Amino acid sequence: MEYFVKKESIVREIWGKSDTILVIFAGASAEFALNKAVDWLYFTGKLPADPLGRLFSTVTYARQIVFLTHSEAIGAINRINAIHSGVENQRGSKIPQWAYRDVLFMLIGYSIRAYELLERKLSEEEKQEVFDVFHRVGKTMEIEDLPPNYNDWLSQRKQHLEQDLEESRYSKDLYRQYKKHLGPVRYWFLLKVQELVCPQKVKELLHLTSNPVIPTALRAYKIMRHLKLDHIAKSLLLPNDYKDQIEDLDSFKNTNQKPTEVSF
């Protein structure tokens, strides 16, 4: 059986652990809030009403594509396109191509950053493999002007970070919603993880500053994970409504489960 991502791929290793996915989620939640096209995510009202659920579903969708067969993955990507087309028809305009690229670039960037934060440095070949997987996703979605390789992606990613992000009323409102849905303690932890994983431009716009306690806490978490006690930390950091979904992320490896929604 042919899979969209090879079973031995580093991408499966990255997206095979819930803590890595949660770090990806944390980084993406920061960048979603700053993106100049975030108004598209506000258009249906679903994002501000349930920001954790909407962002979580986007990350989950991407992860499931990593583990689906080739034909199932193509079908899932086609469903994403259909959902986007429906939103465009409702609004009477097109989502800009650079906004599609931004989301794809987030998945590439935070996949690498999250894994390196929690596990080890990736080789250049492994980084290229991460790029290749999501490049194929982008090509299937018919996203325009994608860079041809990882090195070109690095320069285009830097350009996108400089051009496509801003602190707006949407970003401020979205962070208010994060705090409302997470509560003050979990919200504080979200900010600390974002300080560790986000690019410098994102941290500057969100006024995120380094905290000397966090690297020590990260080392402590890695010890807990080695002792198989990491579920305790996850249960403390996530609302009860999402604990089952986190457990599903750990147990999901290679099933025919179909994603049903994205963040719109």
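As the structure is a computational prediction, the values presented were derived from the model and not from experiment.
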Between Glu116 and Lys127, is a side-chain contact (heavy atoms from CB on, under 4.5 Å) present by the stated rule, with each step listed? CA-CA 11 Å; Glu116 292 193 332; Lys127 292 176 182 177; 3.4 Å; yes
Under the side-chain contact (heavy atoms from CB on, under 4.5 Å) test, residues paired with Val133 that sit two or more places apart: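 Testing Val133 for side-chain contact (heavy atoms from CB on, under 4.5 Å), a comparison that skips the adjacent residues, returns Val5, Val11, Arg136.
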Are [X] and [Y] packed together at the side-chain level, in the sense that at least one heavy-atom pair is separated by less than 4.5 angstrom?
X      : Y      : answer
Glu144 : Tyr100 : no
Leu34  : Asp164 : no
Leu22  : Val193 : no

Using 4.0 Å as the upper bound for N to carboxylate O, is an ion pair formed by Glu162 and Lys201?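 Salt bridge: yes.
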Just wondering, more than 12 heavy atoms not from [X] lying within 6.0 Å of its [atom1]?
X      : atom1 : value
Gln200 : CD    : yes
Arg120 : CZ    : yes
Lys179 : NZ    : no

Would Leu104 and Leu146 count as a side-chain contact (heavy atoms from CB on, under 4.5 Å) here? Give the steps. CA-CA 10 Å; Leu104 196 71; Leu146 293 175; 3.8 Å; yes
Can you say whether the rings of Phe105 and Trp153 are parallel (under 30°), tilted (30 to 60°) or perpendicular (over 60°)?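 Rings of Phe105 and Trp153: perpendicular, as their planes differ by over 60°.
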Backbone N or O of [Y] within a donor-acceptor pair of the [X] side chain at under 3.5 Å?
X      : Y      : result
Tyr178 : Ala30  : no
Glu195 : Lys203 : no
Asn78  : Ile74  : yes
Tyr115 : Leu122 : no

Would you compute the distance between atom [atom1] of [X] and atom [atom2] of [Y] and round it to the nearest 0.5 angstrom?
X      : Y      : atom1 : atom2 : result
Gln128 : Asn151 : CD    : CG    : 7.5 Å
Tyr175 : Leu191 : OH    : CG    : 6.5 Å
Asp102 : Trp98  : CG    : CH2   : 6.0 Å
Glu124 : Glu126 : CD    : CD    : 10.0 Å
Tyr150 : Arg157 : OH    : CZ    : 10.5 Å
Gln97  : Arg101 : CD    : CZ    : 6.5 Å

For [X] and [Y], work out which heavy atoms get closest and say how close.
X      : Y      : value
Ala33  : Val38  : O-CG1, 4.3 Å
Phe4   : Ile77  : CZ-CD1, 4.2 Å
His181 : Pro51  : CE1-CD, 3.6 Å
Tyr110 : Val202 : OH-CG2, 4.2 Å
Ser111 : Phe134 : OG-CE1, 3.8 Å
Phe131 : Pro147 : CZ-O, 3.0 Å

Identify whether NZ of Lys or CZ of Arg in Arg12 sits under 6.0 Å from the centre of the six-membered ring of Tyr3 and within 45° of that ring's axis.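 Yes, Arg12 and Tyr3 form such a contact.
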Hey, which of Ile21, Ile112, Thr20 is the one that makes side chain to side chain contact (heavy atoms under 4.5 Å, CB included) with Ile14?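 With Ile14 as partner, side chain to side chain contact (heavy atoms under 4.5 Å, CB included) holds for just one option, Thr20.
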Let me know which of Ile24, Ile10, Val130 forms a side chain to side chain contact (heavy atoms under 4.5 Å, CB included) with Trp15.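 Single pass found, and it is Ile24.
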Quick one: list whatever passes salt bridge (charged side-chain N to carboxylate O under 4.0 Å, His left out) with Asp39, sequence neighbours left out.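 Applying salt bridge (charged side-chain N to carboxylate O under 4.0 Å, His left out) to Asp39 gives Arg91.
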According to salt bridge (charged side-chain N to carboxylate O under 4.0 Å, His left out), who are the partners of Lys36, at least two apart in sequence or on a separate chain?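 In terms of salt bridge (charged side-chain N to carboxylate O under 4.0 Å, His left out), with neighbours along the sequence ignored, Lys36 is linked to no residue.
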Side chains of Glu31 and Asn35: any donor to acceptor distance under 3.5 Å?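 No, no side-chain donor-acceptor pair sits under 3.5 Å.
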Residue pair Ser29, Gln194: steps toward the side-chain hydrogen bond (donor to acceptor under 3.5 Å, both in side chains) verdict: CA-CA 9 Å; Ser29 67; Gln194 290 175 342; 3.0 Å; yes
Take Leu182 and Phe189 through the side-chain contact (heavy atoms from CB on, under 4.5 Å) test and state the conclusion after the steps. CA-CA 10 Å; Leu182 284 172; Phe189 276 107; over 6 Å; no
